[in-house]
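Quick notes on the structure that follows.
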Amino acid sequence: MRRTLIKHVLVSDAIGEPVKVAGWVRTRRDSKGGFSFVELNDGSSFSGLQVIVPGELENYESEVLNVTIGSAVAIEGQLVESPGKGQRVEVHATKVTVFGLADPDDYPLQKKRISFEKLRDIAHLRPRTNTFGAVARVRNALAYATHKFYQERDFLYVHAPMITSSDAEGAGEMFRVTTLDPAAPPRLDGAVDYAQDFFGKPTFLTVSGQLSAETYASAMDRVYTFGPTFRAENSNTRRHLAEFWMIEPEVAFADLSDNADLAEEYIRYMFQFVLEQCPEDLAFFDKWVQEGLLDRLNALATSEFRRITYGEAIQALEQADTSFEFPVHWGADLQSEHERYLTEVVFAQPVIVVDYPKDIKAFYMRRNDDGKTVAAMDVLLPGVGEIVGGSQREERHDVLLESIREKGLPEEEYWWYLDLRRFGTVPHAGFGLGFGRMVQFTTGMQNIRDVIPFPRTPNSADF
RNA sequence: UCCGGGGUAGCUCAAUCGGCAGAGCAACGGACUGUUAAUCCGCAGGUUGGGAGUUCAAGUCUCCCCCCCGGAGCCA
């Protein structure tokens, strides 16, 4: 008999028909009536399926009564309307196959709530909990929405390399990739001789797929990357990971305004999609993780984002009757507290800040005509802060070269990047969106370590 | 990396001035005719993160180390 996923059984109308399901037991409650209730979850939906196991089954005493939370079983039986409260249908078992028991003396999960911190220590078992099952489904839905959104708009999915020989991508400390023996590396004049390393030169894990995306946008018009990126920063916050996933669209013949349109549309699309696909999971987060989550997501799925310039942002902050830890003045970068104040207090909605001072932004951002600012943009969301950073890229060869020199970057490493401006250069723009932060915002989960299956942070790379 | 808060039973936590290390839940045994975080009775559960020190006596005080959480910086 063919197995049906529980999410399909729960909405099935085939009352009286035979059905087969399998999954992991959440609870078993025995009745004096000589039968047991078994709640089964297979990860396909938030809700589990209630199974009634009659005492007459031949393995009832020998096996079923040993089934506890965490056990893996398959059930064959009949779908019936449930006389009890709390579920529409249930299954009356005619056969129970026990694949694996979970000794309750050792099994670390229980029906009672366990702290997220403790669950990180058992990350291999936490997807079996309500919260992490729901996070996994929402994360999946957001990834699906991402591909759907860009594919529907004729973007090409580009796989950026994860290993790079450029140590000057300008986005933070990098992890070194090497096959040399760290205890005894080959040396040349005292220094490590990377000519003998696997790639014949020093290599690192990428911090961004942007530069690769730009090369493909300069041929395929509109592209996006969606892959892991790595930062060796010693960041210990609830918003940072050493290994995290980023989505980076890049569009040719586009300016900063087109870029902001795209970011806004994309973010709204994800909210709409996940509201449609994961109502049960979101209702759970709304009730147990962050009150008011559903109202906010619903509002965001349709509302426009507020767009202001950096100069206007500084003005608004200078007029604020709050005292900030970091002083506000034109030329200073916006701190977390400033970003939060703008998006949470001043406007109380998502905010896109554009045109930042050139001195605090990356070399590749397009210089504005005022000579002071660049065509950069940050998208700020209440609760998470910066979720998108992007810009129109500098397409003028001489201006880009000047920027590279001004910032003291190694010109020779950018020969291919400069080539894009020598041959058929084109105005183009793009941004990066931190996928984990999007999942955080969508689920209300406070810590980014709890929205990725196996978080990598300083001092922690288990599982 | 900096600042602050923590680490006690399987889990969530308590322990007054330094004086016998406790509770709820889970688990286990039993009771209960369809339960929904079931309920009731009973039983059991400990190298107090690791190390050193002060003391008649340390979960508690001192020092070193490890780990976790929150905030900041860096950023997505």
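Proteins come first, then strands; the chains are lettered A, B, ... in the order of their sequence lines, and each starts at number 1.
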Does A:R28 have a side-chain nitrogen or oxygen under 4.0 Å from the phosphate oxygens OP1 or OP2 of B:U36? no
In terms of the nearest nucleotide of RNA chain B, which residue is placed more toward the 5' end: A:E243 or A:T457? A:T457
How far, in whole Å, is B:U36 from B:G49 if one measures between their P atoms? 38 Å
B:C17 - base-pair partner by Watson-Crick or wobble geometry, distances under 3.5 Å: none
With rounding to whole Å, what would you report as the distance between B:A14 and B:G7 at their C1' atoms? 15 Å
Please confirm whether the shortest side-chain N or O distance from A:R239 to OP1 or OP2 of B:A72 is below 4.0 Å. yes
Looking only at side-chain atoms of A:E117, point me to the closest of B:G34, B:C75, B:C68. B:C68
Would you indicate what A:R26 reaches in the nucleic acid, counting non-hydrogen atoms under 4.0 angstrom: base, sugar-phosphate, or nothing? nothing
Quick test of the criterion, 5.5 Å between centres and less than 30° between planes. Is A:F37 stacked on B:G34 or not? no
Would you tell me if any nitrogen or oxygen in the side chain of A:N459 comes within less than 4.0 Å of OP1 or OP2 on B:C67? yes
Atom-to-atom span, OH of A:Y266 to P of B:A76 - whole angstrom: 15 Å
Within the 4.5 Å heavy-atom criterion, are A:V379 and A:F431 side-chain neighbours or not? no
Complement of B:U36, any strand, by Watson-Crick or G-U distances under 3.5 angstrom: none
Test salt bridge (Lys or Arg N to Asp or Glu O under 4.0 Å) applied to A:D42 and A:K7, step by step: CA-CA 9 Å; A:D42 63 4; A:K7 71 169 178 180; over 6 Å; no
Counting any heavy atom closer than 4.0 Å, what does A:F230 reach on the DNA or RNA strands: base, sugar-phosphate only, or nothing? nothing
When rounded to whole Å, the CG to C1' distance for the pair A:L241 and B:C74 reads 14 Å
Just the rounded figure in Å: distance from C1' of B:C69 to CZ of A:R120. 8 Å
If you check the A:K118 side chain, which of B:U12, B:G70, B:A72 turns out closest? B:U12
Looking only at side-chain atoms of A:M246, point me to the closest of B:C74, B:A76, B:U36. B:A76
Is there a donor in the side chain of A:T229 and an acceptor in the side chain of A:R231, or the other way round, less than 3.5 Å apart? no
Looking only at B:G34, B:U1, B:A76, the nucleotide nearest the A:N234 side chain is B:U1
Ignoring backbone atoms, establish whether A:R437 has a side-chain N or O less than 4.0 Å from OP1 or OP2 of B:C75. no
Partner nucleotide of B:C61 by Watson-Crick or wobble geometry (both distances under 3.5 Å): B:G53
Closest listed nucleotide, where the reference is the side chain of A:Q50 and the choices are B:C68, B:C28, B:U36: B:U36
Same-atom distance (P) from B:G24 to B:C41, integer angstrom: 10 Å
Taking the cut-offs as 6.0 angstrom to the six-membered ring centre and 45 degrees off its axis, would you call A:K407 and A:F363 a cation-pi pair? no
How many Å lie between CG on A:L109 and P on B:A27, as a whole number? 13 Å
Minimum heavy-atom distance A:L101-A:S71, with the two atoms named: CA-OG, 3.6 Å
Look at A:Q335 and B:C74 and indicate whether a side-chain polar atom (N or O) is within less than 4.0 Å of OP1 or OP2. yes
Among B:A72, B:U35, B:C11, the one nearest A:Q87 by side-chain distance: B:U35
Does A:G16 offer a backbone N or O that forms a donor-acceptor pair with the side chain of A:Q78 under 3.5 Å? yes
Syn or anti: how is B:C63 classified when any glycosidic angle within 90° of 0 counts as syn? anti
Is it the case that B:U35 (base atoms only) and A:D30 (side chain only) share a donor and an acceptor within less than 3.5 Å, ignoring hydrogens and angles? no
Would you mind classifying the nucleic acid contact of A:S336 as base, sugar-phosphate or nothing, using non-hydrogen atoms under 4.0 angstrom? base
Please determine, for the side chain of A:F244, which listed nucleotide (B:G73, B:U12, B:A76) has the closest atom? B:A76
Quick one: the side chain of A:S235 and the base of B:C74, do they pair up donor-acceptor inside 3.5 Å? yes
Between B:C63 and B:G4 - P atom distance, rounded Å: 14 Å
What's the shortest heavy-atom distance between A:P458 and A:N236, and which atoms? CG-OD1, 3.8 Å
I need the CD1-P distance between A:I452 and B:A76, as an integer number of Å. 16 Å
A cation-pi test, strictly: NZ or CZ of A:R296 under 6.0 Å from the centre of the six-membered ring of A:F441 and no more than 45 degrees from its axis. Yes or no? yes
A:W245 has an atom CH2; how far is it from atom C1' of B:A76, in whole Å? 15 Å
Ignoring hydrogens and geometry beyond distance, is the side chain of A:E39 in donor-acceptor contact with the base of B:U36 at under 3.5 Å? no
Distance, rounded to the nearest Å, where A:Y107 contributes OH and B:C28 contributes C1': 19 Å
What heavy-atom pair brings A:R139 and A:P453 nearest, and what distance separates the two atoms? NE-CD, 4.2 Å
Here's a test of your reading of the structure: between A:H240 and A:N447, which maps to the more 5' nucleotide of RNA chain B? A:N447
Expressed in whole Å, how much space separates the C1' atoms belonging to B:G42 and B:U55? 42 Å
Span that lies between the P atom of B:G10 and that of B:G45, in whole angstrom: 11 Å
B:A23 pairs with, by Watson-Crick or G-U criteria that keep both distances under 3.5 Å: B:U12
Figure out the CZ/C1' separation between A:F175 and B:C75, and round it to whole Å. 14 Å
Counting any heavy atom closer than 4.0 Å, what does A:R88 reach on the DNA or RNA strands: base, sugar-phosphate only, or nothing? nothing
Only pairs with both distances under 3.5 Å count, Watson-Crick or wobble alike; so what is the partner of B:A72 in this structure? B:U1
Distance, P atom - from B:G19 to B:U62, rounded to whole angstrom: 15 Å
Counting only side-chain nitrogens and oxygens, does A:R238 get under 4.0 Å of the OP1 or OP2 atom of B:G71? yes
Judged by modelled atom types alone, do A:R153 and A:Y266 share a side-chain donor-acceptor pair under 3.5 Å? no
Ranking B:A72, B:C75, B:G34 by distance to the side chain of A:I52, first place goes to B:G34
Nearest-Å distance once atom C1' is located in both B:A21 and B:A15: 7 Å
Answer with yes or no whether A:E90 presents, from its side chain, a donor or acceptor under 3.5 Å of a partner atom in the base of B:U36. no
A:F435 near the nucleic acid: base, sugar-phosphate alone, or nothing, with a heavy-atom cut-off under 4.0 Å? nothing
So what does A:T229 hit on the nucleic acid, given a heavy-atom distance under 4.0 Å: a base, only sugar-phosphate, or nothing? nothing
